[in-house]
Every structure is written in C-alpha cells, then in structure tokens.
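The structure appears right after this line, and notes come after that.
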Amino acid sequence: MKYAVLYSPSSVQRVLDFIRSVYVFPDVTPVIVKPVGAAAQIGVPEAHKYAYKRGKPLIILPELQDVKEVLKVGKAIYAGYNGAELSINEIKNVDDYAIVVSDRENEPSKKELAWIEIVKFKELPTGLPPAPLVTLILYLVSTTRDTI
C-alpha cells in the first residue's frame, strides 16, 4: 500500500487541501495523524464527509508510530526541510511506503521520527506547504523514470 501522511495539521483548509491532493492519485491513501485544534474538531469531520461522498478511504491515527504499527508500511519517509538528500527515483519501485509531510507549525519530534527516514528531495524546492509538497512527490513518483 501507498500512503500520504499529514502530521499534526491545525487548519481545516490544510486538511481538506491535503486529502483533495492525495485523491488525485488513485493508488494512494491519505492518512491524518494527530490533528489539533480546528483541524481535529472541524477538519477531520469535513474530510470524512468529503471522502465518503467520493467513496474514498481516509485514515485518522492518533500517533505517528501507528503508521508503522497499524498500517505496517515497509518504508517511511519524512519529507522535511533538512535531512539526507534523496532522489524521487529511489522510491519509484517501492510498493509499500508512507510519505510523511507537515508544516513548520507542528513538526514531529526526533523521538516520533526515530523509525522514519528524514529526507530532502533533490528535485523539489524547500519550504513548500504540505499539499503542494505531497502532490509533487506523488506526481514525480507516479511518472516514468524518463521524465526526471
């Protein structure tokens, strides 16, 4: 399975933009982890309504560790602002992964990221908000090798 994970969103709009972006890719399931504030109270119910109307899956988890324990992903990558440089080509042939994104407001702690590979993608600019970032990553992963 392929998952796109939004860590600790605080904005309703950020949650909705994220799931709308992920749903463009039919083989990827969006996961919201540890939503806070308005995102938890309004954003998650709105996201469920949006997902239900479209017949799409949506997973909500309380902790980042649950991505590993519940979803049992083979490879997890945190697309951060720093970390080891990684090329998109290096994950194109991986069938079981989770791409984790967040914004600077609520980044995961080092302890939460202990089991996740922290990377900065060579092909992408830094500082992108979560929805555009995950959209670009998933698009580049889904295209053929010749396009990069």
Side-chain angles (χ1 to χ4, degrees), residues 1-48 50-51 54 56-143 148:
M1 290 290 295
K2 298 174 185 173
Y3 300 97
V5 180
L6 178 59
Y7 175 80
S8 194
S10 59
S11 158
V12 174
Q13 194 60 48
R14 192 154 283 154
V15 170
L16 294 174
D17 289 347
F18 177 79
I19 67 163
R20 287 178 183 136
S21 297
V22 174
Y23 286 152
V24 170
F25 304 92
D27 61 337
V28 181
T29 300
V31 180
I32 308 295
V33 173
K34 203 176 188 178
V36 296
Q41 294 181 359
I42 301 166
V44 168
E46 285 294 324
H48 270 292
Y50 184 87
R54 282 147 189 83
K56 300 279 191 174
L58 175 62
I59 299 170
I60 312 296
L61 296 171
E63 299 294 331
L64 203 48
Q65 184 69 23
D66 293 326
V67 173
K68 178 182 180 183
E69 294 173 4
V70 175
L71 303 180
K72 304 204 184 304
V73 296
K75 183 175 185 77
I77 296 169
Y78 177 70
Y81 299 103
N82 47 31
E85 278 204 353
L86 184 71
S87 173
I88 296 285
N89 282 329
E90 295 178 50
I91 60 171
K92 283 192 174 205
N93 294 321
V94 177
D95 292 327
D96 182 25
Y97 63 79
I99 303 293
V100 181
V101 297
S102 70
D103 56 43
R104 288 191 180 254
E105 292 175 22
N106 299 315
E107 287 192 54
S109 68
K110 291 191 185 295
K111 182 180 177 185
E112 291 173 298
L113 292 171
W115 63 277
I116 299 174
E117 184 179 355
I118 304 168
V119 303
K120 177 184 166 213
F121 286 104
K122 293 177 186 179
E123 297 87 356
L124 303 177
T126 58
L128 289 170
L133 177 60
V134 81
T135 303
L136 282 170
I137 292 168
L138 294 174
Y139 174 75
L140 292 172
V141 167
S142 69
T143 59
I148 297 181

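Below, each value reflects all heavy atoms present in this structure, side chains not excepted, and no hydrogens, waters or symmetry copies. The first residue in the sequence is number 1, and the count goes up from there.
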If you compare all heavy atoms of [X] against all heavy atoms of [Y], which two are closest, and at what distance to 0.1 Å?
X: Ser102; Y: Tyr78; answer: OG-OH, 2.7 Å
X: Leu58; Y: Ala51; answer: CB-CB, 4.0 Å
X: Ala40; Y: Pro45; answer: O-CD, 3.7 Å
X: Ala79; Y: Phe121; answer: CB-CE1, 3.9 Å
X: Val141; Y: Tyr97; answer: CG1-OH, 3.5 Å
X: Val12; Y: Ala38; answer: CG2-O, 3.4 Å

Gap separating the [atom1] atom of [X] from the [atom2] atom of [Y], nearest 0.5 angstrom:
X: Leu6; Y: Asn106; atom1: CG; atom2: CG; value: 9.5 Å
X: Lys2; Y: Phe25; atom1: NZ; atom2: CZ; value: 11.0 Å
X: Arg20; Y: Gln13; atom1: CZ; atom2: CD; value: 6.0 Å
X: Ile19; Y: Ile32; atom1: CD1; atom2: CD1; value: 7.0 Å
X: Leu86; Y: Ile91; atom1: CG; atom2: CD1; value: 6.5 Å
X: Ile99; Y: Lys75; atom1: CD1; atom2: NZ; value: 9.0 Å

Using a 3.5 Å distance criterion without hydrogens, assess whether the side chain of [X] forms a donor-acceptor pair with backbone atoms of [Y].
X: Asp96; Y: Val73; answer: no
X: Glu63; Y: Lys34; answer: no
X: Ser87; Y: Glu90; answer: no
X: Lys72; Y: Glu69; answer: yes

Point to revise | Val5 and Val101: CA distance, side-chain angles, deciding distance, side chain to side chain contact (heavy atoms under 4.5 Å, CB included) verdict | key: CA-CA 6 Å; Val5 180; Val101 297; over 6 Å; no
Check whether any side-chain heavy atom of [X] sits under 4.5 Å from a side-chain heavy atom of [Y], and report yes or no.
X: Val67; Y: Ile116; value: no
X: Leu113; Y: Leu64; value: yes
X: Val28; Y: Met1; value: no

**Study point:** From CA spacing to verdict: side chain to side chain contact (heavy atoms under 4.5 Å, CB included), Asp66, Val31
**Key:** CA-CA 11 Å; Asp66 293 326; Val31 180; over 6 Å; no
Practice item. Identify the residue among Leu128, Ile77, Leu124 that makes a side chain to side chain contact (heavy atoms under 4.5 Å, CB included) with Ile137. Key: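 Filter result, single survivor: Leu124.
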Review point. Should the pair Arg54 and Tyr23 be classed as cation-pi, given the thresholds of under 6.0 Å to the six-membered ring centre and 45° from the axis?
Key: no
Practice item. Show your working on side chain to side chain contact (heavy atoms under 4.5 Å, CB included) between Lys120 and Asn82 and close with a plain yes or no. Key: CA-CA 6 Å; Lys120 177 184 166 213; Asn82 47 31; 5.9 Å; no
**Study point:** Tyr81 atom OH, over 12 foreign heavy atoms within 6.0 Å
**Key:**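 Yes.
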Check your understanding: Going by atom types alone, do Tyr7 and Glu112 pair a side-chain donor with an acceptor below 3.5 Å?
Key -> yes
